[in-house]
Trainee: 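The structure under discussion is supplied below as structure tokens; questions concerning it will follow.
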There are 2 protein chains.
Amino acid sequence: MSTTTTELDERTTAAEAAAPAWRAASAGTRAAWLRAAADALDAHADELVPLADAETHLGETRLRGEVARTSGQLRLFAGVVEEGAYLEAIVDDADAAATPPRPELRRMLTGVGPVAVFSASNFPFAFSVAGGDTASALAAGNPVIVKAHSGHVHLSRRTAEIVATALVDAGAPIGSLGLVEGREAGEALVRHPSIQAVGFTGSVSGGRALFDLAAGRPDPIPFYGELGSVNPVVLTAGAVAARSPALAEGLVGSFTLGVGQFCTKPGVVFVPRATGFAELVASRVAGAAGGRLLTDRITEAFPEGLAHLEADPSVTLVARGGGGGADAATPTVLATDAAAVAARPDTLLEECFGPVTLLVHYDGPEDLLAALRAVPGSLTATLHSEAGEEVTEVVAVLERRAGRLLFAGWPTGVAVTWSQHHGGPWPATTSLHTSVGATAIRRFLRPVVFQDAPAHLLPEVLRDEALAAIPHRRNGILRIPALRR
Amino acid sequence: MSTTTTELDERTTAAEAAAPAWRAASAGTRAAWLRAAADALDAHADELVPLADAETHLGETRLRGEVARTSGQLRLFAGVVEEGAYLEAIVDDADAAATPPRPELRRMLTGVGPVAVFSASNFPFAFSVAGGDTASALAAGNPVIVKAHSGHVHLSRRTAEIVATALVDAGAPIGSLGLVEGREAGEALVRHPSIQAVGFTGSVSGGRALFDLAAGRPDPIPFYGELGSVNPVVLTAGAVAARSPALAEGLVGSFTLGVGQFCTKPGVVFVPRATGFAELVASRVAGAAGGRLLTDRITEAFPEGLAHLEADPSVTLVARGGGGGADAATPTVLATDAAAVAARPDTLLEECFGPVTLLVHYDGPEDLLAALRAVPGSLTATLHSEAGEEVTEVVAVLERRAGRLLFAGWPTGVAVTWSQHHGGPWPATTSLHTSVGATAIRRFLRPVVFQDAPAHLLPEVLRDEALAAIPHRRNGILRIPALRR
């Protein structure tokens with residue numbers, strides 16, 4: 001059931017009307033609204049988790065954990081708002097003796113206005129109606145209109161009802177959180193003059209189309225998209241020699257987790273040739289059960305993606321798993337070599353959503369580095385090496401290709417913390433920002449500076465008394481409230 | 001003389017080769033390089049100022065001041081780099097007891113890679129080869145390739161020689177600063193795979209074309225453009241009643257400064273009807289001499305822009321100045337009313353570069369607010385009011401339309417400080433960032449996070465000892481080195 005043009009206008013009008021109250025809300029008020037949304041999610045978990053499972057087949061354990069992560073994200077941003085550093089308040093006092101004389105300037109960040117959020121298929125809570133994009137946009141002081149993912153529409157509607165009601169009950173204005181459905185309504189949302197920024201998680205093709213719409217507006221708006229990522233993993237000779245069984249176990253666990261539908265799934269693994277590692281992986285995959293994929297479209301695309309890879313003359317089948325039922329996607333491991341990857345990166349290094357990974361055999365440092373330089377921008381890059389091995393150049397190359405570098409770990413699992421960065425060069429993301437972690441709030445803020453303003457016309461937070469209570473910079477010096485040091 | 005494709009490839013190859021050294025340079029080293037560039041500019045002022053005057057007609061006094069501003073910008077960014085807060089270092093220590101267990105994460109910002117800078121006609125130093133975009137891009141750790149403005153090519157070549165030599169003499173790599181000439185080379189630069197971001201100052205049409213190129217790349221890159229701005233000024237009845245002569249004097253001084261070629265020129269002034277203010281302005285403009293505009297194109301466009309405004313049936317001529325020579329642009333004041341502005345903002349509120357301003361007569365608060373809501377995004381908005389007048393709503397509307405709000409001042413003159421924001425909603429700028437002030441550096445940085453990295457594989461600044469010497473956040477708590485508190 002698509003949202004009509006009239007309904008879309010109602011949503012955007014309501015969001016516009018709600019925007020001033022969100023921007024003007026004090027830190028304490030806005031934080032309370034975010035916590036009310038978090039509490040409502042937790043309180044309705046027993047109702048929402050079965051709805052989500054019926055539409056996504058992700059299972060109760062995973063989905064309960066995801067609800068907790070989602071309410072946790074909302075609470076993290078409540079804390080970010082209360083702490084106040086996100087405002088980046090900077091004051092320079094007037095200096096009549098300067099050449100030329102310097103006026104007083106007081107800068108802060110403020111909400112951009114209504115934000116559109118496109119939710120993801122693979123995280124029905126954490127990257128959906130009340131997920132990280134919504135939490136960070138609300139925290140920044142903006143109403144949100146979510147485009148529901150077609151893979152979990154019923155869950156999206158119910159989540160939106162619950163969260164919107166909780167916000168209004170907590171005192172937030174009507175129009176704080178809206179929902180639209182259908183591809184056309186989503187496109188119209190990106191083009192709508194009321195919308196000032198877009199958050200998106202999804203495919204490269206879908207994200208590119210919406211990015212182009214956002215950039216092509218008469219007044220272009222920022223489009224923060226998280227699209228596709230192959231998440232390269234590098235195993236050194238030393239690591240393979242020292243702990244092959246654990247590496248094979250870790251890899252199989254990571255690329256099959258959530259039926260291979262994490263954006264941080266390790267999709268390509270660089271392995272020294274002729275170490276027996278592929279055989280170890282094969283022995284573990286043989287016993288790995290598959291699972292049902294999220295949507296019909298993903299179910300159709302998975303064998304097509306496999307066929308696309310297997311059509312390359314360099315690609316061989318290492319192993320296929322088994323079991324999981326008639327409609328299960330089968331865990332699959334393929335192999336190629338570094339020279340082929342360096343020659344045909346567009347074919348061999350395209351993201352394939354689902355439980356598949358590609359082993360890339362390499363013959364030495366130069367062979368490895370040439371292939372790594374062909375890896376497209378990714379969310380993560382992982383290195384398994386041993387102390388004493390020379391890996392400086394590998395790290396330097398990986399650091400240019402990914403936003404998160406992992407050492408001796410696996411990329412699935414993204415901690416929601418102050419420091420997290422979930423982003424990387426195109427096509428991993430469309431921007432230099434993150435969609436996970438405290439700094440995700442920066443995407444939905446714009447700077448404004450007040451020159452020689454009378455105190456009563458300043459936003460309250462920029463007046464001397466309020467300013468002293470938050471981290472800020474004054475005349476070049478960073479200051480932190482004494483109680484928080 | 002246009003840069004050839006071969007020459008462009010040489011420049012980008014050199015910039016790519018220089019990038020690792022810029023990124024890896026310690027704060028002290030990078031700051032020293034920036035100061036060497038600043039010192040070289042100052043040392044060559046006697047040579048550069050006459051070159052600039054011959055090409056821009058801006059006069060020695062203004063140009064000497066601009067050299068000082070430009071070297072001052074470079075030194076400001078040296079200080080920003082040394083202080084280290086711009087790195088936004090954030091560390092979360094591992095927590096094995098968390099659910100799920102949390103890895104160690106260390107985040108920082110790092111240079112995006114080679115940056116293209118398109119210099120402006122109206123600031124041959126401060127927004128040109130070694131101007132603010134270049135200074136902030138270098139400070140962020142990126143080589144720069146400047147597209148010279150056709151209005152001051154000889155100055156651009158000589159400035160590039162002087163600064164590039166100074167950088168290399170100070171130990172920076174060859175390829176730190178390159179120069180290209182010609183429109184085609186500029187377009188090729190934006191499309192070039194080596195270029196990772198663009199800074200631009202210029203017209204709406206030119207900026208839009210390059211923005212579209214940047215967004216249309218197979219791998220889109222951020223385009224930070226400062227395009228066009230009408231910089232609305234609001235005079236309340238109280239302000240006009242209290243100090244008309246000073247306001248008229250200030251306005252004429254501001255809109256004719258630099259022959260009306262500042263991006264912050266007050267282009268539209270909202271004045272209560274029938275207060276005699278227009279007559280006061282007219283009496284001052286009659287004695288105002290014009291001046292020669294920067295380029296042939298601007299000289300041709302100015303009368304066209306005036307004719308475009310005067311063709312509107314609501315527009316009347318208030319006054320024209322005189323003198324300044326045969327090739328001088330004549331200071332001109334036009335008038336219309338708020339209803340016409342609200343009805344035809346596209347016609348009446350288009351930026352007209354040169355010494356012209358449009359008085360907009362209004363009849364009361366509603367009439368004023370309706371017109372203000374039609375004002376396009378601007379770099380600045382200015383309010384002149386008296387204590388006791390109710391202006392809250394006016395301030396709220398202006399705050400949504402501009403990046404800098406001034407009170408009882410004039411928008412020309414942009415202090416280069418930590419707090420400055422020089423940006424605004426489209427078409428003032430293409431992004432939510434600033435091109436002036438310390439935070440301009442943020443445009444040319446990308447986040448990267450290291451998960452569970454051995455200390456020796458971390459960038460030096462993220463290791464515990466170095467981290468303690470800069471402002472950073474650890475486990476959610478902001479920390480400032482003791483010596484700097």
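Excluded from the calculations below are hydrogen atoms, water molecules and symmetry mates; all remaining heavy atoms, backbone and side chain alike, are included.
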Trainee: Provide the closest heavy-atom pair for B:Ser385 versus B:Val391 in the form atom of the first, atom of the second, distance.
Mentor: CB-CG1, 3.9 Å
Trainee: Quick check: closest heavy atoms across A:Leu462 and A:Leu458, and the distance to 0.1 Å?
Mentor: O-CD1, 3.9 Å
Trainee: For A:Val80, is it the side chain, the backbone, both or neither that has a heavy atom under 4.5 Å from a heavy atom of chain B?
Mentor: neither
Trainee: Are A:Thr380 and A:His422 packed together at the side-chain level, in the sense that at least one heavy-atom pair is separated by less than 4.5 angstrom?
Mentor: no
Trainee: Go through the atoms of B:Phe211 and report whether side chain, backbone, both or neither lie under 4.5 Å from a heavy atom of chain A.
Mentor: side chain
Trainee: Is there a donor-acceptor pair closer than 3.5 Å between any side-chain N or O of A:Asn142 and the backbone N or O of A:Pro114?
Mentor: no
Trainee: Taking atom CZ of A:Phe407 and atom CG of B:Leu457, what is their separation to the nearest 0.5 Å?
Mentor: 5.5 Å
Trainee: Looking at chain A, which one of B:Pro20, B:Gly72, B:Pro218, B:Ala24 has the largest number of heavy-atom pairs inside 4.5 Å, strictly under?
Mentor: B:Pro218
Trainee: Measure A:Pro101 against the heavy atoms of chain B and call it side chain, backbone, both or neither at under 4.5 Å.
Mentor: neither
Trainee: Tell me, side chain or backbone of A:Arg217 under 4.5 Å from chain B's heavy atoms, or both, or neither?
Mentor: backbone
Trainee: Counting neighbours of CD on A:Glu460 that are heavy atoms of other residues, nucleotides or ligands and sit closer than 6.0 Å, is the number greater than 12?
Mentor: no
Trainee: Looking only at heavy atoms and a cut-off of under 4.5 Å, which of B:Ala402, B:Gly403, B:Ala214 has the most pairs with chain A?
Mentor: B:Gly403
Trainee: With a 4.5 angstrom heavy-atom cut-off, which part of A:Pro447 approaches chain B: side chain, backbone, both or neither?
Mentor: both
Trainee: Contact part of B:Val395 toward chain A, heavy-atom cut-off under 4.5 Å: side chain, backbone, both or neither?
Mentor: side chain
Trainee: Can you say whether A:Arg23 sits under 4.5 Å from chain B via the side chain, the backbone, both, or neither, judging by heavy atoms?
Mentor: side chain
Trainee: Nearest 0.5 Å, please: how far is CZ in A:Arg106 from CG in B:Leu405?
Mentor: 14.5 Å
Trainee: Heavy-atom distances under 4.5 Å only: say whether A:Leu445 touches chain B with side chain, backbone, both or neither.
Mentor: backbone
Trainee: Based on non-hydrogen pairs under 4.5 Å, which of B:Glu88, B:Arg400, B:Arg69 is most in contact with chain A?
Mentor: B:Arg400
Trainee: Over 60° means perpendicular and under 30° means parallel, so classify the ring planes of A:Trp410 and A:His384, tilted if in between.
Mentor: tilted
Trainee: For A:Arg404, is it the side chain, the backbone, both or neither that has a heavy atom under 4.5 Å from a heavy atom of chain B?
Mentor: both
Trainee: Contact part of B:Ala381 toward chain A, heavy-atom cut-off under 4.5 Å: side chain, backbone, both or neither?
Mentor: neither
Trainee: I'd like to check B:Glu390 versus B:Thr392 (side-chain heavy atoms, cut-off strictly below 4.5 Å). Are they in contact?
Mentor: yes
Trainee: Return the OG1 to CG distance between A:Thr110 and B:Leu432, rounded to the nearest 0.5 Å.
Mentor: 11.5 Å
Trainee: Please state whether the side chain, the backbone, both or neither of A:Ala89 comes within less than 4.5 Å of a heavy atom of chain B.
Mentor: neither
Trainee: Is A:Thr430 close to chain B through its backbone or its side chain, or both, or neither, when contacts mean heavy atoms under 4.5 Å?
Mentor: neither
Trainee: Does NZ or CZ of A:Arg208 lie under 6.0 Å from the centre of the six-membered ring of A:Trp426, at an angle within 45° of the ring axis?
Mentor: yes
Trainee: Between B:Thr382, B:Leu109, B:Val112, B:Leu383, which shows the greatest number of heavy-atom pairs under 4.5 Å with chain A?
Mentor: B:Val112
Trainee: Using non-hydrogen atoms only, which part of A:Pro425 is less than 4.5 Å away from chain B: side chain, backbone, both, or neither?
Mentor: side chain
Trainee: Check whether A:Ala453 gets within reach of chain B through its side chain, its backbone, both or neither, counting any heavy atom under 4.5 Å.
Mentor: both
Trainee: Report the distance from atom OG of B:Ser419 to atom CG of A:Leu105, rounding to the nearest 0.5 Å.
Mentor: 4.0 Å
Trainee: Among B:Arg107, B:His433, B:Arg473, who wins on heavy-atom pairs under 4.5 Å with chain A?
Mentor: B:Arg473
Trainee: Calculate, to the nearest 0.5 Å, the distance between atoms CZ and CG belonging to A:Arg373 and A:Leu398 respectively.
Mentor: 10.5 Å
Trainee: For the candidates B:Ala85, B:Ala438, B:Ala215, which exhibits the highest count of non-hydrogen atom pairs separated by less than 4.5 Å from chain A?
Mentor: B:Ala215
Trainee: Can you say whether A:Ser431 sits under 4.5 Å from chain B via the side chain, the backbone, both, or neither, judging by heavy atoms?
Mentor: neither
